[in-house]
Amino acid sequence: MSPIVKLNKVSKSFGSLNVLQGVSFDVAQGSVVAIIGRSGSGKSTALRCMNGLEKINGGEITVCNHHLHQNVTKAQLRALHLDVGIVFQSYNLFPHLTVGQNIMLAPKWVRKQSKAEAKDLAAEVLGKVGLAEKFDAYPEQLSGGQQQRVAIARSLAMQPKLMLFDEVTSALDPELTGEVLKVMENLAKDGMTMVLVTHEMAFAKGVGDKVIFMHQGKVWEEGDGEILSAPQTPELRQFVGNGL
Ligand SMILES: Nc1ncnc2c1ncn2[C@@H]1O[C@H](COP(=O)(O)OP(=O)(O)OP(=O)(O)O)[C@@H](O)[C@H]1O
Ligand SMILES: [Mg+2]
């Protein structure tokens, strides 16, 4: 099967800082790829480049048949964003809108769905994250874990072909982390293609079809979850050994 995401020798600099230095990897359709690595190794930058939030300086990225290169246009990025959802550590829900209204926004304004269609869809995706009963609640009435699940539902409502997650559980207590990871695991079982940056090693190992260890802007090791049990490089051994 051809990959849904392909990074080929991607480089990205911020000024004189070379954050990505020839990063290449593939994501197979329907698979889960977990990106791990130390702070500053370039994980978020790689994810942001895949969504066109950062322009790359060299190499190329193909995501859901969209080609990203140095000169990508705004129109190309708009088309890309219809296919790719991204969820961050901060949920950024609108506090003055209900959960349902938050989720309905993009389907109504970007996908031009009718209110009734958007409402049905919002109810469906809220069910997927186990929060069907929270449609009319306001974000402040929810726990952090529930708010993050709403943020995931909001992204799902755009019916993406690919979901990117950047440390979505980092701000949560262990108990709330578990419920968000469960939602992500269910999405994976449903066949959603996902790339996630995570510090949850057990999750990376258990749910990831592929684990990518980034170090100093490079893919340092890549393989299935077993690379975490048998690291080939001192860098990964040390990273895993830190109790992460
Ligand atoms: N917009 C930016 N401008 C300048 N430097 C940046 C920018 N974004 C990231 N960097 C730098 O690029 C490097 C990689 O950052 P990145 O956020 O990709 O790391 P990360 O692996 O996600 O780290 P963490 O685990 O802390 O989230 C860091 O040195 C960071 O300071
Ligand atoms: Mg990061």
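Note that ligands are numbered from 1 as they come in the structure, with each ligand's atoms numbered from 1 the same way.
- For atom 26 (O) of ligand 1, the closest non-hydrogen atom of the protein is S39 OG, 2.6 Å.
- The distance criterion of under 3.5 Å between nitrogen or oxygen atoms is met by G42 with respect to ligand 1.
- Within the protein, the N, O or S atoms sitting under 2.8 Å from the Mg ion (ligand 2) are S44 OG.
- In this structure, the side chain of D209 does not engage the main chain of S31 through any donor-acceptor pair within 3.5 Å.
- Counting heavy atoms of neighbouring residues, nucleotides and ligands inside a 6.0 Å radius, atom CG of N8 exceeds 12 of them.
- In this pair, H215 and F213 present their aromatic rings parallel. The plane angle is below 30°, not in the 30 to 60° band.
- Ligand-side atoms of ligand 1 in range of T45: 15 (O), 16 (P), 18 (O), range being under 4.0 angstrom from any heavy atom.
- Counted by atom type alone, S44 and D166 present one or more donor-acceptor pairs between their side chains at under 3.5 Å.
- Listed by number with element, the atoms of ligand 1 under 4.0 angstrom from any heavy atom of R38 are 21 (O).
- When side chains are defined from C-beta on, L196 counts as touching F203, because their heavy atoms get closer than 4.5 Å.
- For the residue pair T233 and E221, a side-chain donor N or O sits within less than 3.5 Å of a side-chain acceptor on the partner.
- Remark: E133 CD is packed, more than 12 non-hydrogen atoms of other residues, nucleotides or ligands lying under 6.0 Å away.
- Considering K43, Q89, H199 as possible partners of E167, the one that fulfils the side-chain hydrogen bond (donor to acceptor under 3.5 Å, both in side chains) test is H199.
- Those atoms of ligand 1 with a heavy atom of E167 less than 4.0 angstrom away are 25 (O), 27 (O).
- Within a 6.0 Å radius of CD in E175, other residues, nucleotides and ligands contribute 12 heavy atoms or fewer.
- Summary of contacts: the protein heavy atom closest to atom 9 (C) of ligand 1 is F14 CE1, 3.5 Å.
- When only non-hydrogen protein atoms are considered, atom 25 (O) of ligand 1 lies nearest to K43 NZ, 2.7 Å.
- Atom 12 (O) of ligand 1 has its closest protein heavy atom at V19 CG2, 3.1 Å.
- Taking every non-hydrogen atom of S44 and a distance limit under 4.0 Å, the qualifying atoms of ligand 1 come out as 17 (O), 18 (O), 20 (P), 22 (O), 27 (O).
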Inset, instruction - Decide side-chain hydrogen bond (donor to acceptor under 3.5 Å, both in side chains) for K108 and S114; before the verdict, give the C-alpha distance in whole Å, the side-chain angles of both, and the deciding distance to 0.1 Å. - result: CA-CA 6 Å; K108 275 199 320 202; S114 70; over 6 Å; no
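- In terms of protein heavy-atom proximity, atom 29 (O) of ligand 1 is closest to L17 CD2, 3.7 Å.
- Applying the side chain to side chain contact (heavy atoms under 4.5 Å, CB included) test to T45 and every residue at least two apart in sequence or in another chain returns K12, F14, V19, L20, C49.
- Distance check: Q70 CD to L68 CG gives 10.5 Å after rounding to the nearest 0.5 Å.
- Inside a 4.0 Å radius of atom 31 (O) of ligand 1 there is not any protein heavy atom.
- Residue contacts with ligand 1: G40 is placed with a nitrogen or oxygen under 3.5 Å of a nitrogen or oxygen of the ligand (distance criterion only).
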